[in-house]
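Please read these numbers as outputs of a predicted model, since none were measured by experiment.
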Amino acid sequence: MKNKFLLASFLICLISGSAFAAGIEDRIMRQWSRAEKYVANDQAVELKITYYSAEYVEALVQSEAEKNMWTNDELERYKYNMLNTLKLDESIAFHIDINVLGSPVHLSPMDRFFRLRVGGKIYDAIDYDKRFNFKLSGRRDGMIWFRRYDEKTGKDLLEKVKDIRMAILGHFSMATSSKGELLFIWDITKDDPSKLYKGKAADRLEIDRLLKRMEKLVNDKKDLEAKLIKTNEELVSINERIEELQK
């Protein structure tokens, strides 16, 4: 009887702990989402934008692992695939969820309307889900990416930055046109991207990165060797001509 009571108590604690953890994960996932609704005339536009912060990704991975009762290896595989798909090692990723009620809207091309402000500078999108380019009526969702590193210096754009701001030009719809620019802000001072790159998933991503780098260096080497051969041939030709002229 005592053993049954202890087992029941353990199960209650386990369930309570899982529920508590799930509550924390839900709170974290909500924390990195911004949602607004705009209404005008016969149109309503609901916008929800989620920034894929390190904390958000970790919470998402843990939530899926708990729901599916994954082993650590399964969790690491899922995390690797997610990081690979999100391209977080080279870009800043957002999930866009838009719901249009009433008159349809046109977001084509999407990168004309969406900008990212980081450290006082404005950046254009480098890629996005092309489904947003079609006439939009009802709900549609997808991804949009911005560069993570400065093109000239290679510096991480998020380094020592307090916040990031998604700026959307409101003239894509009647419901938002009077707002001018729609602004969504995230405080990233406490987010640590380096936390994502630990464990087996991070090791696999590092291997992928090194293999890409190696491939580039091999191709560069081939180009340099071809140039060297051409240069040596030209030197031989010049020397032969000099010798002819000196006779």
Side-chain angles (χ1 to χ4, degrees), residues 50-58 60-62 64-65 70-96 109-112 114-119 121-133 142-161 164 166 188 191-243:
T50 303
Y51 166 54
Y52 278 87
S53 67
E55 186 181 40
Y56 177 79
V57 172
E58 284 292 350
L60 201 56
V61 170
Q62 290 299 327
E64 288 299 310
W70 286 336
T71 63
N72 190 58
D73 283 343
E74 288 172 323
L75 181 150
E76 289 292 336
R77 279 199 298 273
Y78 178 80
K79 183 178 178 180
Y80 166 78
N81 289 328
M82 175 179 280
L83 292 174
N84 228 358
T85 302
L86 292 173
K87 301 178 278 190
L88 293 184
D89 58 328
E90 59 187 36
S91 59
I92 302 169
F94 295 86
H95 181 264
I96 309 293
M110 187 183 182
D111 55 358
R112 183 162 60 95
F114 285 70
R115 301 281 188 274
L116 188 65
R117 293 182 180 178
V118 184
K121 294 184 178 180
I122 299 175
Y123 297 91
D124 295 328
I126 55 173
D127 196 12
Y128 61 91
D129 192 326
K130 299 307 184 287
R131 289 180 302 164
F132 285 116
N133 284 340
M143 299 295 299
I144 186 168
W145 289 271
F146 297 84
R147 70 176 70 259
R148 189 181 193 91
Y149 298 95
D150 185 276
E151 286 184 288
K152 294 181 180 178
T153 65
K155 181 184 175 183
D156 189 338
L157 298 178
L158 300 183
E159 189 178 328
K160 297 179 181 179
V161 171
I164 55 174
M166 176 77 78
I188 62 169
D191 191 47
D192 183 4
S194 67
K195 288 182 179 179
L196 286 176
Y197 298 97
K198 293 177 182 177
K200 291 182 180 178
D203 292 342
R204 287 181 66 186
L205 285 169
E206 179 69 6
I207 290 171
D208 289 347
R209 188 187 67 79
L210 291 172
L211 287 172
K212 286 179 184 177
R213 178 63 178 161
M214 186 183 291
E215 184 181 359
K216 183 180 183 305
L217 289 173
V218 168
N219 290 331
D220 288 347
K221 182 184 177 184
K222 288 179 181 177
D223 290 340
L224 290 170
E225 287 174 343
K227 287 179 181 178
L228 182 60
I229 290 171
K230 189 175 181 180
T231 300
N232 284 333
E233 288 174 350
E234 188 174 353
L235 284 170
V236 169
S237 176
I238 290 171
N239 280 326
E240 288 176 351
R241 180 58 179 158
I242 290 173
E243 288 176 1

Under a 4.0 Å threshold between the charged nitrogen and the carboxylate oxygen, would [Y] count as salt-bridged to [X]?
| X | Y | value |
| --- | --- | --- |
| R147 | E151 | yes |
| D73 | R77 | no |
| R148 | D89 | no |

- Item | With K87, the side-chain contact (heavy atoms from CB on, under 4.5 Å) member among I126, I92, D127 |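 Of I126, I92, D127, side-chain contact (heavy atoms from CB on, under 4.5 Å) with K87 is met by D127 alone.
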- Message: Could you go through F94 and Y51, starting from their C-alpha distance and side-chain angles, then the distance that decides it, and tell me whether this counts as ring pair (Phe, Tyr, Trp, His ring centres under 6.0 Å)?
- Response: CA-CA 5 Å; F94 295 86; Y51 166 54; 5.4 Å; yes
- Task: Could you list the residues that satisfy side-chain contact (heavy atoms from CB on, under 4.5 Å) with N81, not counting sequence neighbours?
- Result: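 Expected list: none.
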[X] side chain to [Y] main-chain N or O, any donor-acceptor pair under 3.5 Å?
| X | Y | answer |
| --- | --- | --- |
| E64 | V61 | no |
| D191 | A54 | yes |
| N239 | L235 | yes |
| D124 | R115 | no |

- Residues in side-chain hydrogen bond (donor to acceptor under 3.5 Å, both in side chains) contact with N232, at least two apart in sequence or another chain: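 For N232 there are no side-chain hydrogen bond (donor to acceptor under 3.5 Å, both in side chains) partners, ignoring immediate neighbours.
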- Return the minimal non-hydrogen interatomic distance between R131 and G142, and the atom names on each side.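 Scanning both residues completely, I find the closest heavy atoms to be NH2-CA, 4.0 Å.
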- With a cut-off of under 6.0 Å to the ring centre and 45° to the axis, is K130 in cation-pi contact with Y128?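 Yes, K130 lies over the aromatic ring of Y128.
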- Query: Should we say atom CD of E225 is surrounded by more than 12 heavy atoms from elsewhere, each under 6.0 Å from it?
  - Reply: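 Counting other residues, nucleotides and ligands, CD of E225 exceeds 12 neighbours.
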